[in-house]
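Here the structure is a predicted model, which is why all the values come from computation and not from measurement. Each chain gets a letter, A, B and so on, in the order its sequence line appears, and its residues count up from 1.
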Amino acid sequence: SQTIHQWPATLVQPVGSPLSLECTVEGTSNPNLYWYRQAAGRGLQLLFYSVGIGQISSEVPQNLSASRPQDRQFILSSKKLLLSDSGFYLCAWSRGTTDTQYFGPGTRLTVL
Amino acid sequence: GENVEQHPSTLSVQEGDSAVIKCTYSDSASNYFPWYKQELGKGPQLIIDIRSNVGEKKDQRIAVTLNKTAKHFSLHITETQPEDSAVYFCAASSPNSGYALNFGKGTSLLVTP
């Protein structure tokens, strides 16, 4: 069966510091991968998605970036965090573009 | 782009009662509608989904109905239990937006014993 992992589970970072969140998927190959952000009391906002290694599409312009160095690894990064980057970051995977998306456990990011 | 509205934002029911959550969407080309349950501090879990070629789908106590003409779909939970308490999200996917999932803002369901 397939599993999706996110690391770390929680993170507290100062404003202006860099960020690296990692997502890995097991049990499948060539998945579509997604990064979402969930602000408190709000829905999920799609940030990036990837249909293959090195292929990244950005949905929302911001100071975040994503990379996919390996087939089942998706990384969310920032060079300098803003207060507004605080939130719950969720990674998801699907077999194809029209298939069900399955979410990871999330990373709670607090920027102080 | 696709806009998904979800109501109500909060819902409180007594154990054993039914709960209904409704969503509307704006893009008539949307053809996939999943529902997710999110418990506090966890990632959303898919509970049921429906595609546009079907009007209703059931899985034990959970059912989803879709009205393509009116562009709305609903989640029905029967015989609610305290463990059904969570935030529920609807979403819609359209080829016009690259099949990205557009989510509603969520419904916080509380089932009281």
Practice item. Can you tell which part of B/P34 gets under 4.5 Å to a heavy atom of chain A, answering side chain, backbone, both or neither? Key: neither
Exercise for review: Tell me, please, whether A/F88 has A/R108 positioned over its six-membered ring: NZ or CZ under 6.0 Å from the ring centre and within 45 degrees of its axis?
Suggested key: yes
Check your understanding: Does B/F73 have its ring centroid less than 6.0 Å away from the ring centroid of B/W35?
Key -> yes
Exercise for review: For the pair B/D27 and B/S94, evaluate side chain to side chain donor-acceptor pair (under 3.5 Å) and give the outcome as yes or no after the intermediate values.
Suggested key: CA-CA 7 Å; B/D27 186 345; B/S94 166; 2.7 Å; yes
Point to revise | Part of B/L46 within contact of chain A (heavy atom distance under 4.5 Å) | key: side chain
Review point. Is there a donor-acceptor contact under 3.5 Å linking the side chains of B/S26 and B/E2?
Key: yes
**Study point:** Region of A/Y34 in contact with chain B, defined by heavy-atom distances below 4.5 Å
**Key:** neither
Check your understanding: Are side-chain N/O atoms of B/Y32 and B/R51 paired as donor and acceptor at under 3.5 Å?
Key -> no
Study note, to complete from the structure: Honestly, the part of B/Q38 sitting under 4.5 Å from a heavy atom of chain A is side chain
Practice item. Would you mind checking which part of A/L44 comes under 4.5 Å of any heavy atom in chain B, side chain (CB onward), backbone (N, CA, C, O), both or neither? Key: both
